[in-house]
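Quick note: residue numbers are just sequence positions, from 1. Every number for a ligand or one of its atoms is a count from 1 in the order of the listing.
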Amino acid sequence: MEIDVTNEKKKAIDFIVNSSSLSELIKTETELLGRNGLINSLLKQLKNIIPEKRKTVGININALKQEVITLINQKKQLLSQKIDDKNIDVTMPGTSIKTGTLHPITIAITEISSIFSKLGFIRMSYPEVEWEYLAFDTLNMPKTHPARDDFETTFVNGEPHPTYGKMILTPHTSSGQIREMWRLKKPPIRMINIGKCYRPNWDATHTPMFHQFEGLCVDTDINITHLKGALDYFAKEYFGENTQTRLRPHHFQFTEPSFEVDISCTMCQGTGILRQSRDSGTSQDDLKVKCKICKSGWLELGGTGMVHPNVLISGGIDPIKYSGWAFGFGIERVIMMKYGVDDIRNYYSGDMRFLSQF
Ligand code: FA5
């Protein structure tokens, strides 16, 4: 007896090729590889082959079997990718598409802009590469001020401007105050300037590039109560309605009087104390421990004050007729305060385990 393995192979391939759905392919698989399928029936016929040819035919049948298995697997993959209603198993869970998340800084910028827009503040973005004159001189900072040192500020190589001096990477968003006064020429001014700032620092709370948001309000009869009201509104909207603010005397060249703003700690609600249950869990057994985030009940938000008359003059605004307030806060810092982030460098680590939590 003879077995034409080449011809059997042709038949098997035809079967596989013509199976146009997964269910047809499974039927084909049984017909070819099942107990009573083609391959087994060929193997059963081996005993009828003359002994000299039996070995070669056996090898050929086994090779055919391997080829059929490979072809069927490939076709299975192809058919399960193909979308047609015969192949869809509607009971299977869907394949979820991986989506990215917005960066926490981007989320905070959107939230902050929206909070201040409700108070009538316009969002502005002023240059990251700034002139020394705008970043310092117009802000009442003397030539000898230490912030102008290259230890504190990054200078850009190039020809200095005849009037505006050297080019720098802006160390704060406060030059936006002057640019906004120049742009509008006349109050009322309500601006929120959000941008990147640069200072050569690198530790758990400082990065060489960071973001600030600068508020500026100039009009007739503007006083500290308006500043306190705006800060309270921001703190409650951004950190939560129970958040309190307080002003502490401070010094900035461009504001008089100047303050540091604190908010009540978001972790211990301003008490400075965290309650920790002992194992028994009864309220009498509560331990009182110092809040590790604030230690005192307050967290420092940033600098603020009433715009210095010299700054209004630099901006072309009459300080007799108008007054104003300004503040400048770090965006990385407010997010750290809101969520208890303990290392600013996480924002720029590219670590998805951190970034995708926001
Ligand atoms: C200023 O930059 C003032 N221009 C703020 C200001 C504006 C005061 C208007 C009064 C009126 P200060 O240097 O404190 O102030 O910076 C403000 C905030 O920026 C800090 O509280 C901090 O949150 C953030 N900041 C400063 N340096 C860095 C840094 N290297 N990395 C991250 N955040 C920083």
Next on the checklist: Side chains of Gln357 and Tyr339 only: does a donor on one sit below 3.5 Å from an acceptor on the other?
Outcome noted: no
Item to check | Glu2/Lys53 ion pair, N-O < 4.0 Å | outcome: yes
Checklist entry - Under 3.5 Å, is there a donor-acceptor pair between the side chain of Arg54 and the main chain of Ile49? => result yes
Next on the checklist: Please classify the Phe254 to ligand 1 contact at 4.0 Å (heavy-atom distances, strictly less than): side chain, backbone, both or neither.
Outcome noted: side chain
Checklist entry - Which of the atoms of ligand 1 are close to Arg333, meaning less than 4.0 Å from one of its heavy atoms? => result 23 (O)
Checklist entry - In the protein, what heavy atom is nearest to atom 7 (C) of ligand 1, and what distance, to one decimal place, separates them? => result Gly328 N, 3.2 Å
Item to check | Any donor-acceptor N/O pair, Arg199 side chain to Pro171 backbone, under 3.5 Å | outcome: yes
Next on the checklist: So if I count the atoms of ligand 1 from 1 in the order they appear, which ones are less than 4.0 Å from some heavy atom of Gly303?
Outcome noted: 6 (C), 8 (C), 10 (C)
Checklist outcome for this item: the protein heavy atom lying closest to atom 29 (C) of ligand 1 turns out to be Phe210 CD2, 3.3 Å
Next on the checklist: Under 3.5 Å, is there a donor on one side chain and an acceptor on the other for Ser264 and Gln244?
Outcome noted: no
Checklist outcome for this item: Separation between OG1 (Thr138) and OH (Tyr133), nearest 0.5 Å, reads 6.5 Å
Checklist entry - Considering only the protein, which heavy-atom contact is closest to atom 19 (O) of ligand 1, and what is its distance? => result Gln212 NE2, 3.1 Å
Checklist outcome for this item: The atoms of ligand 1 lying under 4.0 Å from a heavy atom of Gly330, numbered in the order shown, are 18 (C), 19 (O), 23 (O), 24 (C)
Checklist outcome for this item: The residue among Phe327, Phe234, Phe329, Trp298 that forms side chain to side chain contact (heavy atoms under 4.5 Å, CB included) with Val261 is Phe329
Checklist entry - Less than 4.0 Å between atom 5 (C) of ligand 1 and some protein heavy atom, yes or no? => result yes
Item to check | Closest candidate by heavy atom, reference atom 30 (N) of ligand 1, pool Thr207, Ile331, Val311, Val261 | outcome: Thr207
Item to check | Any side-chain donor near an acceptor of the partner, Thr245 and Asp232, under 3.5 Å | outcome: yes
Checklist entry - Which of the atoms of ligand 1 are close to Ile344, meaning less than 4.0 Å from one of its heavy atoms? => result 32 (C)
Checklist entry - Counting from 1, what ligand 1 atoms have a heavy atom of Glu214 closer than 4.0 Å? => result 7 (C), 9 (C)
Next on the checklist: Going by the closest heavy atom to atom 13 (O) of ligand 1, which one wins out of Arg199, Glu152, His172?
Outcome noted: Arg199
Next on the checklist: Regarding Ser175 and Glu130, do their side chains bring together a donor and an acceptor under 3.5 Å, going by distance alone?
Outcome noted: yes
Checklist outcome for this item: Under 4.0 Å from one or more heavy atoms of Phe327, ligand 1 contributes atoms 7 (C), 9 (C), 11 (C)
Next on the checklist: Looking only at the side chains, is there a donor atom on one of Thr101 and Ser356 sitting less than 3.5 Å from an acceptor on the other?
Outcome noted: no
Checklist entry - Do you see a donor-acceptor pair shorter than 3.5 Å between the side chains of His161 and Glu159? => result no
Next on the checklist: Pairs of nitrogen or oxygen atoms closer than 3.5 Å, one from His206 and one from ligand 1: do any exist?
Outcome noted: no
Next on the checklist: Against ligand 1, does Thr205 come closer than 4.0 Å with any heavy atom?
Outcome noted: yes
Checklist entry - For ligand 1, is any non-hydrogen atom under 4.0 Å from Glu300's backbone (N, CA, C, O), its side chain (CB onward), both, or neither? => result neither
Checklist entry - Within the distance-only criterion (no hydrogens, no angle test), does the side chain of Lys196 pair as donor or acceptor with the backbone N or O of His211 below 3.5 angstrom? => result no
Checklist entry - At a 4.0 Å threshold, what atoms of ligand 1 neighbour a non-hydrogen atom of Gly302? => result 21 (O)
Checklist entry - Looking at Gln177, which atoms of ligand 1 are within less than 4.0 Å of one of its heavy atoms? => result 9 (C)
Next on the checklist: Just to confirm my output: which protein heavy-atom neighbour is closest to atom 15 (O) of ligand 1, and how far is it?
Outcome noted: Phe252 CE2, 3.7 Å
